[in-house]
Number of protein chains: 2
Amino acid sequence: MRISYKGDYALKAVLHLANRYEDGEVVPINEIAAANDIPRKFLEQIMLILKGAGLVDSRRGIGGGFFLKRPPAEIRLGEVVRLIEGDIEPIACAKTPPEPCCAEIGSCAFREIWAEVAAATAAIVDGVTFADIMRRQRELKSAHQGYHYEI
Amino acid sequence: MRISYKGDYALKAVLHLANRYEDGEVVPINEIAAANDIPRKFLEQIMLILKGAGLVDSRRGIGGGFFLKRPPAEIRLGEVVRLIEGDIEPIACAKTPPEPCCAEIGSCAFREIWAEVAAATAAIVDGVTFADIMRRQRELKSAHQGYHYEI
DNA sequence: TATAAATCCGATTTATTTAGTAGTATATAA
DNA sequence: TTATATACTACTAAATAAATCGGATTTATA
Ligand code: FES
Ligand code: FES
């Protein structure tokens, strides 16, 4: 499962909105783009995908912008990854139900290895919520601050 | 880590050679291509990559072909995958040592998740040899036979 | 020594995906 | 009514994937 720029941008945008989730803050796309070094028009397309999937919602016009429809603790990393990158499985036959791949799908010795890889990957990305990621981010920030002061 | 056609073909070719490894059999590319439904000229390129990496060797001319340089038990799936597909890591910052990715690599909350995914994937593909895959293939073949007889 | 069988190698081609950019339409708060 | 913001469609350039083409070279053997 390769993470493209599009996927990377989507994750950062969702994390940005997660950090502004309290009190239902609405964040304009310009802020998200500027803060995360994301091409603005590209981010527009990404936000529309996230909105289409019901993950975020938006308000138009002055004072408008985007916001999460669910609290960060209820959004799993895997959900965003699948939305943007598509299947987590490295090959179609590893999906459930399996889609045809080799000629003899019933006797392919590789298929179940890819299924194992998919399961292991899914366990990780579905085991982490954006609340977890926010917490981790705060830890890293304070650790980095620490280093800074020591210098 | 997405498996491309090229990677799929490479794995099948190596498995084909693994099945012919005993007594140092030499297998012409036409046989590998025909048996596995691989475009012949495309497979040529793939075999040259495998040869360049020292995984297989070849003999030219009449009676020539390809053969594994090492026994199947000493070739791990991950080795072939990395050769053809490149890095197993879903993003550059997850490599060791990490390559720059986001702006602030030291404080990115996603980085270690990708590193976990990479480690889990590597553990699977590096934990399986082509001898294991051959064994698994025989099991599947006989199971399939069984079903066949029951009908 | 000619011939057929096979690998070796570089170039070209076609289609798809990626990473954007452009332009316009629509909604909304002040 | 105007400035600010999203919504939507289309377009483009570059990279990658998946072959395909055309030969050059090596080698066993008839
Ligand atoms: S069935 Fe998918 S790799 Fe064999
Ligand atoms: S450093 Fe790679 S995703 Fe942030």
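Every chain is numbered from 1, with letters handed out A, B, ... down the list of sequences.
- With sequence neighbours excluded, the residues that form a ring-ring contact (aromatic ring centres under 6.0 Å, His included) with Y5(A) are Y9(A).
- Ion pair D8(B)/K12(B) flagged as a salt bridge, since at least one NZ, NE, NH1 or NH2 atom sits closer than 4.0 Å to an Asp/Glu carboxylate oxygen.
- Enclosure of atom CZ in R82(B) by more than 12 non-hydrogen atoms of other residues, nucleotides or ligands within 6.0 angstrom is indicated.
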Next on the checklist: Protein within reach of the bases, or only the backbone? For nucleotides 6-17 of chain D, mark each nucleotide 5' to 3' as B, S or -, using heavy atoms under 4.0 Å.
Outcome noted: BBB-B-------
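- Taking Ile, Leu, Val, Met, Phe, Trp and Tyr as members and joining any whose side-chain heavy atoms lie under 4.5 Å apart, directly or through other members, L48(A) forms no hydrophobic cluster with any other residue.
- A salt bridge links R40(B) with E44(B): at least one charged nitrogen is closer than 4.0 Å to a carboxylate oxygen.
- Cluster partners of V26(A), using a side-chain heavy-atom cutoff of under 4.5 Å among ILVMFWY residues and allowing indirect links, are F67(A).
- Contacts of N19(A) classified as side chain to side chain contact (heavy atoms under 4.5 Å, CB included), with partners at least two apart in sequence or in another chain: L15(A), M134(A), Q137(A).
- With a cutoff of under 4.0 Å to any heavy atom of chain A, the contacted region of DNA chain C is bounded 5' to 3' by dA19(C) to dA29(C).
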